[in-house]
2 protein chains.
Amino acid sequence: MSIAIENFVKAIYKNDKNNSNDTKPGNIAKKLGISNAAATDMAKKLATKDLLHYEKYQELKLTKKGTKMALNVVRKHRLWESLLFRMFDMSLHEIHRESELLEHQTSDFLANKISEYLGNPKFDPHGDPIPNAQGEITTKDTSIALSNTQEGNTYIISRLMSDDKEFFDFCALNGLKYGNTIVVTKQFSKNKMTQILINNNTILLNEDFTNIIYVNETN
Amino acid sequence: MSIAIENFVKAIYKNDKNNSNDTKPGNIAKKLGISNAAATDMAKKLATKDLLHYEKYQELKLTKKGTKMALNVVRKHRLWESLLFRMFDMSLHEIHRESELLEHQTSDFLANKISEYLGNPKFDPHGDPIPNAQGEITTKDTSIALSNTQEGNTYIISRLMSDDKEFFDFCALNGLKYGNTIVVTKQFSKNKMTQILINNNTILLNEDFTNIIYVNETN
DNA sequence: AAAAATATTTAAGTAAGCTTAAATTTAAAG
DNA sequence: CTTTAAATTTAAGCTTACTTAAATATTTTT
(Lines give C-alpha, C1' and ligand atoms only; values in the text may rest on other atoms or scores of the structure.)
Protein backbone atom coordinates (compact mmCIF):
# COMPACT_ATOMS: atom_id res chain seq x y z
CA MET A 1 0.00 0.00 0.00
CA SER A 2 1.11 3.53 -0.70
CA ILE A 3 2.45 6.09 1.74
CA ALA A 4 -0.69 8.19 1.21
CA ILE A 5 -2.90 5.28 2.21
CA GLU A 6 -0.79 4.40 5.24
CA ASN A 7 -0.91 7.99 6.42
CA PHE A 8 -4.66 8.14 5.87
CA VAL A 9 -5.53 5.11 7.97
CA LYS A 10 -3.02 6.20 10.59
CA ALA A 11 -4.65 9.63 10.80
CA ILE A 12 -8.08 8.05 11.30
CA TYR A 13 -6.72 5.74 13.95
CA LYS A 14 -5.08 8.56 15.86
CA ASN A 15 -8.10 10.82 15.54
CA ASP A 16 -10.27 8.11 17.06
CA LYS A 17 -7.83 7.51 19.90
CA ASN A 18 -7.75 11.18 20.88
CA ASN A 19 -11.51 11.44 20.35
CA SER A 20 -10.95 15.15 20.06
CA ASN A 21 -12.71 15.64 16.73
CA ASP A 22 -15.23 13.54 14.90
CA THR A 23 -13.58 11.37 12.29
CA LYS A 24 -14.95 12.96 9.16
CA PRO A 25 -13.03 13.69 5.97
CA GLY A 26 -12.54 17.35 6.88
CA ASN A 27 -10.73 16.62 10.11
CA ILE A 28 -8.53 14.00 8.54
CA ALA A 29 -7.78 16.39 5.69
CA LYS A 30 -6.67 19.01 8.20
CA LYS A 31 -4.27 16.58 9.88
CA LEU A 32 -2.77 15.49 6.59
CA GLY A 33 -2.60 18.94 5.05
CA ILE A 34 -4.75 18.00 2.06
CA SER A 35 -8.06 19.35 0.76
CA ASN A 36 -11.43 18.07 1.95
CA ALA A 37 -12.15 16.86 -1.54
CA ALA A 38 -9.00 14.77 -1.59
CA ALA A 39 -9.93 13.23 1.75
CA THR A 40 -13.40 12.30 0.53
CA ASP A 41 -11.94 10.74 -2.61
CA MET A 42 -9.45 8.75 -0.60
CA ALA A 43 -12.12 7.59 1.84
CA LYS A 44 -14.21 6.25 -1.00
CA LYS A 45 -11.26 4.50 -2.49
CA LEU A 46 -10.23 2.89 0.78
CA ALA A 47 -13.77 1.66 1.30
CA THR A 48 -13.45 -0.38 -1.90
CA LYS A 49 -10.26 -1.87 -0.46
CA ASP A 50 -12.09 -2.87 2.70
CA LEU A 51 -9.92 -0.62 4.85
CA LEU A 52 -12.76 1.52 6.15
CA HIS A 53 -16.53 1.94 6.14
CA TYR A 54 -17.73 4.93 4.22
CA GLU A 55 -21.20 6.40 4.13
CA LYS A 56 -21.87 9.83 2.77
CA TYR A 57 -21.70 12.55 5.40
CA GLN A 58 -21.00 10.02 8.13
CA GLU A 59 -17.92 9.42 10.21
CA LEU A 60 -15.19 7.22 8.79
CA LYS A 61 -14.69 3.96 10.61
CA LEU A 62 -11.71 1.70 10.06
CA THR A 63 -12.42 -1.95 9.35
CA LYS A 64 -10.48 -4.65 11.15
CA LYS A 65 -8.11 -4.72 8.19
CA GLY A 66 -7.73 -0.93 8.25
CA THR A 67 -7.05 -0.91 11.97
CA LYS A 68 -4.43 -3.57 11.55
CA MET A 69 -2.70 -1.54 8.88
CA ALA A 70 -2.77 1.57 11.04
CA LEU A 71 -1.34 -0.30 14.02
CA ASN A 72 1.38 -1.76 11.85
CA VAL A 73 2.46 1.72 10.78
CA VAL A 74 2.19 3.02 14.34
CA ARG A 75 4.32 0.09 15.51
CA LYS A 76 7.07 0.96 13.05
CA HIS A 77 6.90 4.63 13.94
CA ARG A 78 7.27 3.97 17.65
CA LEU A 79 10.01 1.41 17.19
CA TRP A 80 12.02 3.87 15.13
CA GLU A 81 11.49 6.55 17.75
CA SER A 82 12.71 4.16 20.42
CA LEU A 83 15.78 3.18 18.44
CA LEU A 84 16.78 6.69 17.39
CA PHE A 85 16.23 7.97 20.92
CA ARG A 86 18.41 5.33 22.44
CA MET A 87 21.22 5.45 19.91
CA PHE A 88 21.59 9.06 18.96
CA ASP A 89 21.52 12.34 20.75
CA MET A 90 18.21 13.43 19.29
CA SER A 91 15.25 15.28 20.78
CA LEU A 92 11.72 13.94 20.99
CA HIS A 93 10.77 16.24 18.16
CA GLU A 94 13.62 15.09 15.96
CA ILE A 95 12.97 11.38 16.44
CA HIS A 96 9.33 11.99 15.60
CA ARG A 97 10.17 13.87 12.42
CA GLU A 98 12.50 11.14 11.15
CA SER A 99 10.20 8.28 12.16
CA GLU A 100 7.36 9.89 10.26
CA LEU A 101 9.27 9.08 7.08
CA LEU A 102 11.03 5.86 8.02
CA GLU A 103 7.82 4.16 9.16
CA HIS A 104 6.69 3.74 5.56
CA GLN A 105 9.88 2.13 4.30
CA THR A 106 10.35 -0.50 6.94
CA SER A 107 9.66 -4.16 6.34
CA ASP A 108 8.00 -6.24 9.02
CA PHE A 109 11.26 -8.15 9.11
CA LEU A 110 13.28 -5.07 10.00
CA ALA A 111 10.68 -3.87 12.50
CA ASN A 112 11.00 -7.18 14.31
CA LYS A 113 14.78 -6.87 14.33
CA ILE A 114 14.56 -3.42 15.87
CA SER A 115 12.05 -4.59 18.45
CA GLU A 116 14.20 -7.55 19.38
CA TYR A 117 17.31 -5.40 19.66
CA LEU A 118 15.51 -3.07 22.05
CA GLY A 119 14.19 -5.95 24.14
CA ASN A 120 10.66 -5.76 22.76
CA PRO A 121 9.78 -2.51 24.51
CA LYS A 122 6.13 -1.81 25.36
CA PHE A 123 6.42 1.98 25.25
CA ASP A 124 8.25 4.53 23.12
CA PRO A 125 10.08 7.61 24.45
CA HIS A 126 6.83 9.59 24.41
CA GLY A 127 5.22 6.97 26.62
CA ASP A 128 3.02 5.77 23.79
CA PRO A 129 2.40 2.02 23.65
CA ILE A 130 4.09 0.02 20.90
CA PRO A 131 1.80 -2.50 19.20
CA ASN A 132 3.27 -5.99 18.91
CA ALA A 133 3.98 -7.80 15.65
CA GLN A 134 0.35 -8.95 15.51
CA GLY A 135 -0.86 -5.36 15.75
CA GLU A 136 -2.10 -5.64 19.31
CA ILE A 137 -1.56 -3.25 22.17
CA THR A 138 -1.30 -5.48 25.22
CA THR A 139 -0.67 -2.86 27.85
CA LYS A 140 -3.58 -1.09 29.39
CA ASP A 141 -3.45 2.62 29.80
CA THR A 142 -4.32 3.88 33.27
CA SER A 143 -2.84 7.30 32.77
CA ILE A 144 -4.79 10.54 33.06
CA ALA A 145 -4.21 14.02 31.73
CA LEU A 146 -2.41 16.37 34.07
CA SER A 147 -5.48 18.59 33.94
CA ASN A 148 -7.44 15.89 35.78
CA THR A 149 -5.05 15.30 38.63
CA GLN A 150 -5.59 15.97 42.34
CA GLU A 151 -3.86 18.76 44.20
CA GLY A 152 -1.22 17.43 46.56
CA ASN A 153 -0.74 14.10 44.85
CA THR A 154 2.43 12.71 43.35
CA TYR A 155 2.48 11.31 39.82
CA ILE A 156 4.80 9.75 37.28
CA ILE A 157 4.88 11.15 33.77
CA SER A 158 3.63 8.48 31.41
CA ARG A 159 3.01 10.17 28.07
CA LEU A 160 3.83 13.35 26.21
CA MET A 161 1.22 13.40 23.47
CA SER A 162 2.44 15.90 20.92
CA ASP A 163 4.38 16.34 17.72
CA ASP A 164 5.30 19.94 18.45
CA LYS A 165 8.91 21.03 18.64
CA GLU A 166 8.28 23.93 21.01
CA PHE A 167 6.45 21.69 23.43
CA PHE A 168 9.28 19.17 23.47
CA ASP A 169 11.86 21.90 23.87
CA PHE A 170 9.91 23.12 26.89
CA CYS A 171 9.72 19.58 28.29
CA ALA A 172 13.43 18.98 27.82
CA LEU A 173 14.25 22.26 29.51
CA ASN A 174 12.12 21.49 32.55
CA GLY A 175 12.76 17.80 33.07
CA LEU A 176 9.33 16.79 31.86
CA LYS A 177 10.27 13.34 30.68
CA TYR A 178 8.69 9.92 30.50
CA GLY A 179 9.18 8.21 33.88
CA ASN A 180 9.97 11.33 35.89
CA THR A 181 8.10 12.16 39.12
CA ILE A 182 6.10 15.30 39.69
CA VAL A 183 3.95 16.72 42.50
CA VAL A 184 0.78 18.62 41.67
CA THR A 185 1.00 21.52 44.06
CA LYS A 186 -2.04 23.48 42.89
CA GLN A 187 -4.95 23.26 40.47
CA PHE A 188 -6.27 26.61 39.30
CA SER A 189 -9.53 25.23 38.02
CA LYS A 190 -11.03 28.55 37.03
CA ASN A 191 -8.05 29.48 34.87
CA LYS A 192 -7.41 25.89 33.85
CA MET A 193 -3.83 25.95 34.98
CA THR A 194 -1.83 23.44 36.99
CA GLN A 195 1.12 24.13 39.23
CA ILE A 196 3.64 21.33 39.58
CA LEU A 197 6.89 20.66 41.37
CA ILE A 198 9.60 18.89 39.42
CA ASN A 199 13.32 18.64 40.21
CA ASN A 200 12.71 21.20 42.97
CA ASN A 201 11.35 23.68 40.45
CA THR A 202 7.84 24.98 40.57
CA ILE A 203 6.26 25.49 37.17
CA LEU A 204 2.86 26.59 36.08
CA LEU A 205 1.31 24.91 33.07
CA ASN A 206 -1.65 26.08 31.06
CA GLU A 207 -4.41 24.02 29.53
CA ASP A 208 -2.61 23.44 26.22
CA PHE A 209 0.06 21.54 28.05
CA THR A 210 -1.90 19.85 30.86
CA ASN A 211 -4.13 18.22 28.26
CA ILE A 212 -1.26 16.50 26.47
CA ILE A 213 0.90 15.54 29.46
CA TYR A 214 -0.33 12.25 30.87
CA VAL A 215 0.60 10.79 34.25
CA ASN A 216 0.04 7.75 36.43
CA GLU A 217 -0.61 7.77 40.14
CA THR A 218 2.20 6.44 42.28
CA ASN A 219 1.41 3.32 44.24
CA MET B 1 13.28 15.48 -5.13
CA SER B 2 11.22 12.36 -5.61
CA ILE B 3 12.26 8.77 -5.05
CA ALA B 4 12.03 8.14 -8.81
CA ILE B 5 14.48 10.95 -9.50
CA GLU B 6 16.89 9.85 -6.79
CA ASN B 7 16.88 6.32 -8.14
CA PHE B 8 17.41 7.58 -11.66
CA VAL B 9 20.53 9.62 -10.92
CA LYS B 10 21.81 6.85 -8.68
CA ALA B 11 21.41 4.32 -11.50
CA ILE B 12 23.36 6.56 -13.88
CA TYR B 13 26.08 7.07 -11.31
CA LYS B 14 26.47 3.36 -10.66
CA ASN B 15 26.35 2.49 -14.35
CA ASP B 16 29.20 4.90 -14.99
CA LYS B 17 31.26 3.51 -12.12
CA ASN B 18 30.97 -0.05 -13.34
CA ASN B 19 31.48 1.09 -16.93
CA SER B 20 29.89 -2.15 -17.95
CA ASN B 21 27.23 -0.69 -20.23
CA ASP B 22 26.99 2.63 -21.97
CA THR B 23 24.83 5.04 -20.02
CA LYS B 24 21.90 5.36 -22.37
CA PRO B 25 18.23 5.39 -21.43
CA GLY B 26 17.75 1.72 -22.29
CA ASN B 27 20.38 0.48 -19.88
CA ILE B 28 19.13 2.69 -17.08
CA ALA B 29 15.59 1.52 -17.80
CA LYS B 30 16.73 -2.08 -17.48
CA LYS B 31 18.29 -1.41 -14.08
CA LEU B 32 15.22 0.37 -12.79
CA GLY B 33 12.70 -2.04 -14.28
CA ILE B 34 10.91 0.64 -16.30
CA SER B 35 10.31 1.03 -20.03
CA ASN B 36 12.78 2.72 -22.35
CA ALA B 37 10.20 5.38 -23.07
CA ALA B 38 9.88 6.21 -19.40
CA ALA B 39 13.64 6.51 -19.09
CA THR B 40 13.84 8.89 -22.06
CA ASP B 41 11.06 11.00 -20.57
CA MET B 42 12.77 11.15 -17.22
CA ALA B 43 16.12 12.01 -18.80
CA LYS B 44 14.59 14.96 -20.62
CA LYS B 45 12.92 16.13 -17.45
CA LEU B 46 16.09 15.90 -15.38
CA ALA B 47 17.97 17.86 -18.03
CA THR B 48 15.62 20.79 -17.40
CA LYS B 49 16.46 20.51 -13.70
CA ASP B 50 20.19 20.66 -14.49
CA LEU B 51 20.78 17.19 -13.09
CA LEU B 52 22.12 15.72 -16.30
CA HIS B 53 23.06 16.56 -19.88
CA TYR B 54 20.75 15.10 -22.46
CA GLU B 55 21.23 14.96 -26.18
CA LYS B 56 19.13 12.75 -28.41
CA TYR B 57 20.61 9.30 -28.89
CA GLN B 58 23.66 10.18 -26.83
CA GLU B 59 24.83 8.91 -23.47
CA LEU B 60 23.42 10.51 -20.34
CA LYS B 61 25.94 12.46 -18.32
CA LEU B 62 25.29 13.68 -14.81
CA THR B 63 26.01 17.32 -14.11
CA LYS B 64 27.90 18.34 -10.99
CA LYS B 65 24.55 18.83 -9.30
CA GLY B 66 23.31 15.42 -10.44
CA THR B 67 26.47 13.70 -9.29
CA LYS B 68 26.17 15.35 -5.91
CA MET B 69 22.61 14.11 -5.58
CA ALA B 70 23.61 10.58 -6.54
CA LEU B 71 26.47 10.57 -4.05
CA ASN B 72 24.16 11.84 -1.34
CA VAL B 73 21.81 8.92 -1.92
CA VAL B 74 24.69 6.46 -2.12
CA ARG B 75 26.04 7.86 1.15
CA LYS B 76 22.75 7.23 2.90
CA HIS B 77 22.46 3.76 1.42
CA ARG B 78 25.91 2.74 2.60
CA LEU B 79 25.51 4.29 6.03
CA TRP B 80 22.29 2.36 6.55
CA GLU B 81 23.98 -0.83 5.42
CA SER B 82 26.79 -0.21 7.89
CA LEU B 83 24.40 0.47 10.74
CA LEU B 84 22.09 -2.46 10.09
CA PHE B 85 25.00 -4.80 9.62
CA ARG B 86 26.59 -3.80 12.88
CA MET B 87 23.44 -3.77 14.98
CA PHE B 88 21.35 -6.61 13.76
CA ASP B 89 21.95 -10.13 12.67
CA MET B 90 21.27 -9.48 9.02
CA SER B 91 22.91 -10.75 5.84
CA LEU B 92 24.55 -8.57 3.20
CA HIS B 93 21.56 -9.13 0.98
CA GLU B 94 19.08 -8.15 3.67
CA ILE B 95 20.86 -4.94 4.62
CA HIS B 96 20.97 -4.00 0.96
CA ARG B 97 17.27 -4.62 0.48
CA GLU B 98 16.29 -2.48 3.48
CA SER B 99 18.76 0.30 2.69
CA GLU B 100 17.38 0.54 -0.82
CA LEU B 101 14.19 1.92 0.75
CA LEU B 102 15.54 3.78 3.76
CA GLU B 103 18.04 5.79 1.69
CA HIS B 104 15.22 7.94 0.28
CA GLN B 105 13.66 8.84 3.61
CA THR B 106 16.74 9.90 5.48
CA SER B 107 17.52 13.51 6.24
CA ASP B 108 21.08 14.77 5.99
CA PHE B 109 20.80 15.36 9.71
CA LEU B 110 20.07 11.72 10.45
CA ALA B 111 22.70 10.51 8.00
CA ASN B 112 25.30 12.54 9.87
CA LYS B 113 24.11 11.08 13.18
CA ILE B 114 24.49 7.57 11.84
CA SER B 115 27.92 8.34 10.44
CA GLU B 116 29.06 9.85 13.72
CA TYR B 117 27.72 6.91 15.71
CA LEU B 118 29.69 4.50 13.53
CA GLY B 119 32.87 6.57 13.79
CA ASN B 120 32.59 8.04 10.31
CA PRO B 121 33.41 4.82 8.50
CA LYS B 122 35.03 5.03 5.06
CA PHE B 123 33.64 1.71 3.81
CA ASP B 124 30.42 -0.22 4.12
CA PRO B 125 30.12 -3.98 4.76
CA HIS B 126 30.42 -4.67 1.04
CA GLY B 127 33.69 -2.79 0.98
CA ASP B 128 32.17 0.07 -0.99
CA PRO B 129 33.39 3.55 -0.09
CA ILE B 130 31.03 5.85 1.80
CA PRO B 131 30.93 9.42 0.47
CA ASN B 132 31.34 12.09 3.13
CA ALA B 133 28.74 14.73 3.98
CA GLN B 134 30.04 16.90 1.14
CA GLY B 135 29.47 14.09 -1.34
CA GLU B 136 33.14 13.28 -1.80
CA ILE B 137 34.84 9.91 -1.82
CA THR B 138 38.21 10.54 -0.23
CA THR B 139 39.59 7.03 -0.27
CA LYS B 140 41.26 5.74 -3.35
CA ASP B 141 40.47 2.32 -4.61
CA THR B 142 43.48 0.11 -5.29
CA SER B 143 41.54 -3.12 -5.35
CA ILE B 144 41.40 -5.49 -8.30
CA ALA B 145 38.97 -8.17 -9.34
CA LEU B 146 39.83 -11.69 -8.20
CA SER B 147 39.94 -12.66 -11.85
CA ASN B 148 43.01 -10.45 -12.30
CA THR B 149 45.06 -11.78 -9.38
CA GLN B 150 48.35 -13.69 -9.50
CA GLU B 151 48.65 -17.36 -8.67
CA GLY B 152 50.39 -17.93 -5.34
CA ASN B 153 49.74 -14.46 -3.94
CA THR B 154 47.83 -13.58 -0.78
CA TYR B 155 45.08 -10.98 -0.83
CA ILE B 156 42.56 -9.29 1.44
CA ILE B 157 38.95 -9.13 0.35
CA SER B 158 38.01 -5.49 -0.18
CA ARG B 159 34.67 -5.46 -1.95
CA LEU B 160 31.76 -7.74 -2.77
CA MET B 161 30.05 -5.92 -5.61
CA SER B 162 26.62 -7.45 -5.89
CA ASP B 163 23.01 -7.17 -4.86
CA ASP B 164 22.30 -10.84 -5.29
CA LYS B 165 21.06 -12.97 -2.44
CA GLU B 166 22.51 -16.23 -3.73
CA PHE B 167 25.94 -14.69 -4.08
CA PHE B 168 25.86 -13.34 -0.54
CA ASP B 169 24.61 -16.63 0.83
CA PHE B 170 27.54 -18.32 -0.87
CA CYS B 171 29.95 -15.75 0.56
CA ALA B 172 28.59 -16.11 4.07
CA LEU B 173 28.85 -19.87 3.88
CA ASN B 174 32.48 -19.79 2.76
CA GLY B 175 33.89 -16.97 4.85
CA LEU B 176 34.15 -14.59 1.91
CA LYS B 177 33.86 -11.41 3.86
CA TYR B 178 35.23 -7.89 3.70
CA GLY B 179 38.65 -7.89 5.41
CA ASN B 180 39.28 -11.63 5.28
CA THR B 181 42.48 -13.08 3.83
CA ILE B 182 42.65 -15.47 0.90
CA VAL B 183 45.37 -17.16 -1.09
CA VAL B 184 45.00 -17.58 -4.83
CA THR B 185 46.19 -21.14 -5.32
CA LYS B 186 45.50 -21.48 -9.03
CA GLN B 187 44.25 -19.48 -12.01
CA PHE B 188 42.58 -21.55 -14.68
CA SER B 189 42.85 -18.87 -17.33
CA LYS B 190 41.40 -20.94 -20.14
CA ASN B 191 38.25 -21.79 -18.18
CA LYS B 192 38.19 -18.41 -16.42
CA MET B 193 38.11 -19.96 -12.99
CA THR B 194 40.10 -19.18 -9.88
CA GLN B 195 40.99 -21.52 -7.05
CA ILE B 196 41.44 -19.94 -3.66
CA LEU B 197 42.28 -21.03 -0.15
CA ILE B 198 40.24 -19.51 2.66
CA ASN B 199 39.91 -20.72 6.24
CA ASN B 200 41.77 -23.87 5.20
CA ASN B 201 39.16 -24.60 2.58
CA THR B 202 39.88 -24.74 -1.10
CA ILE B 203 37.15 -23.38 -3.34
CA LEU B 204 36.86 -22.91 -7.03
CA LEU B 205 35.15 -19.77 -8.28
CA ASN B 206 33.87 -19.11 -11.76
CA GLU B 207 33.97 -15.92 -13.73
CA ASP B 208 30.61 -14.66 -12.44
CA PHE B 209 32.06 -14.51 -8.96
CA THR B 210 35.69 -13.58 -9.63
CA ASN B 211 34.54 -10.48 -11.48
CA ILE B 212 32.58 -9.10 -8.54
CA ILE B 213 34.91 -10.08 -5.69
CA TYR B 214 37.57 -7.42 -5.31
CA VAL B 215 40.76 -7.75 -3.31
CA ASN B 216 43.84 -5.82 -2.26
CA GLU B 217 47.38 -7.12 -2.20
CA THR B 218 48.86 -7.64 1.23
CA ASN B 219 51.84 -5.45 2.05
C1' DA C 1 27.38 -0.19 -48.27
C1' DA C 2 22.83 -2.06 -47.91
C1' DA C 3 19.77 -4.80 -45.05
C1' DA C 4 18.45 -6.35 -40.69
C1' DA C 5 18.35 -5.89 -35.94
C1' DT C 6 18.31 -3.05 -32.02
C1' DA C 7 17.62 1.25 -29.40
C1' DT C 8 15.69 5.55 -28.90
C1' DT C 9 12.20 8.72 -29.32
C1' DT C 10 7.53 10.39 -29.98
C1' DA C 11 2.68 10.04 -29.21
C1' DA C 12 -1.23 8.77 -26.82
C1' DG C 13 -3.07 7.05 -22.73
C1' DT C 14 -3.48 5.50 -17.62
C1' DA C 15 -3.58 5.61 -12.36
C1' DA C 16 -2.55 7.88 -8.09
C1' DG C 17 -3.00 11.72 -5.48
C1' DC C 18 -3.70 15.87 -5.42
C1' DT C 19 -6.05 20.88 -6.64
C1' DT C 20 -10.00 24.53 -7.07
C1' DA C 21 -14.79 25.71 -7.77
C1' DA C 22 -19.51 24.73 -7.62
C1' DA C 23 -23.35 22.00 -5.82
C1' DT C 24 -25.36 19.68 -2.11
C1' DT C 25 -26.14 18.32 2.55
C1' DT C 26 -25.84 18.88 7.43
C1' DA C 27 -25.34 21.56 11.59
C1' DA C 28 -25.78 25.86 14.07
C1' DA C 29 -27.95 30.20 15.17
C1' DG C 30 -31.47 33.26 15.67
C1' DC D 1 -38.59 26.60 12.23
C1' DT D 2 -36.27 29.17 9.08
C1' DT D 3 -32.03 31.19 7.83
C1' DT D 4 -27.16 31.15 7.85
C1' DA D 5 -22.89 29.04 8.26
C1' DA D 6 -19.97 25.19 7.75
C1' DA D 7 -18.81 20.82 5.98
C1' DT D 8 -19.10 17.35 2.49
C1' DT D 9 -19.42 15.89 -2.00
C1' DT D 10 -19.16 16.19 -7.01
C1' DA D 11 -16.96 17.72 -11.10
C1' DA D 12 -13.28 19.07 -13.82
C1' DG D 13 -8.48 19.46 -14.21
C1' DC D 14 -3.38 19.03 -13.04
C1' DT D 15 1.28 16.63 -12.24
C1' DT D 16 4.16 12.66 -11.73
C1' DA D 17 5.58 8.49 -13.25
C1' DC D 18 4.63 5.24 -15.58
C1' DT D 19 2.56 2.14 -19.92
C1' DT D 20 2.17 0.40 -25.05
C1' DA D 21 2.54 1.14 -29.93
C1' DA D 22 4.37 3.40 -33.78
C1' DA D 23 7.97 6.22 -35.89
C1' DT D 24 12.71 7.26 -36.28
C1' DA D 25 17.56 6.82 -35.68
C1' DT D 26 21.64 4.10 -34.79
C1' DT D 27 24.29 -0.23 -34.81
C1' DT D 28 25.42 -4.46 -36.31
C1' DT D 29 25.67 -7.97 -39.60
C1' DT D 30 26.33 -9.75 -43.92
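Worth saying up front: this structure is predicted, and the values here are computed from it rather than measured. In the text below, chain A, chain B and the rest are named by the order of the sequence lines, each starting its count at 1.
The nearest whole Å value for the distance from the CD atom in A:Glu6 to the C1' atom in C:dA16 is 15 Å. When the C1' atom of C:dA15 is taken as reference, atom CD1 of A:Ile5 falls 12 Å away, rounded to whole Å. In this structure, CG of B:Asp22 is placed 15 Å from P of C:dT6, rounded to the nearest angstrom. Note: CG (A:Asp41) to C1' (C:dA15) measures 13 Å, nearest angstrom. Distance A:Asn21 CG to D:dA7 C1': 13 Å, rounded to the nearest Å. Across the protein-nucleic acid pair, B:Leu32 atom CG and D:dA17 atom P stand 12 Å apart, rounded to whole Å. The separation between B:Leu46 atom CG and D:dT16 atom P is 11 Å, rounded to whole Å. Between the NE2 atom of A:His104 and the P atom of C:dG17 there is a distance of 12 Å, rounded to whole Å.
Ranking C:dT19, D:dT8, D:dA17 by closeness to the A:Ile34 side chain, first place goes to C:dT19. Closest to the A:Pro25 side chain, of the nucleotides D:dT9, C:dT9, D:dC18, is D:dT9. With D:dT9, D:dA21, C:dG17 as the choices, the nucleotide that has an atom nearest any side-chain atom of A:Thr40 turns out to be D:dT9.
Across all strands, B:Ala4 comes closer than 4.0 Å only to sugar-phosphate atoms, never to a base (heavy-atom distances). Using a 4.0 Å heavy-atom cutoff across all strands shown, B:Ala37 reaches at least one base atom of the nucleic acid.
In this structure the side chain of A:Asp50 never reaches within 4.5 angstrom of the side chain of A:Lys64, judged on heavy atoms. Within the 4.5 Å cutoff, the side chain of A:Val9 has no heavy atoms near those of the A:Lys68 side chain.
Ionic pairing of A:Lys76 and A:Asp108 is present here: one or more N-O contacts between side-chain nitrogen and carboxylate oxygen are shorter than 4.0 angstrom. Remark: B:Glu100 engages B:Lys10 in a salt bridge, criterion side-chain N to carboxylate O under 4.0 Å.
Each of B:Glu81, B:Arg78, B:His96 was scored for a side chain to side chain donor-acceptor pair (under 3.5 Å) with B:His126, with one residue passing: B:Glu81.
One finds a side-chain N or O of B:Asn36 lying less than 4.0 angstrom from the OP1 or OP2 phosphate oxygen of C:dT8. In this model, the phosphate group of C:dG17 is approached by a side-chain N or O of A:Ser2 to a distance below 4.0 Å at OP1 or OP2. Dashed line: the shortest gap from a side-chain N or O of B:Lys44 to OP1 or OP2 of D:dT16 is not under 4.0 Å.
Across the interface with DNA chain C, nearest-nucleotide mapping of A:Met42 and B:Lys24 shows B:Lys24 to be the residue nearer the 5′ end.
Applying a 4.0 Å cut-off to non-hydrogen atoms, the residues of residues 48-58 of chain A that approach DNA chain D are A:Tyr54, A:Lys56, A:Tyr57, listed by residue number.
Counted by atom type alone, A:Asn216 and A:Ser143 present zero donor-acceptor pairs between their side chains at under 3.5 Å. Side-chain N/O atoms of B:His104 and A:Gln105 include no donor and acceptor closer than 3.5 Å.
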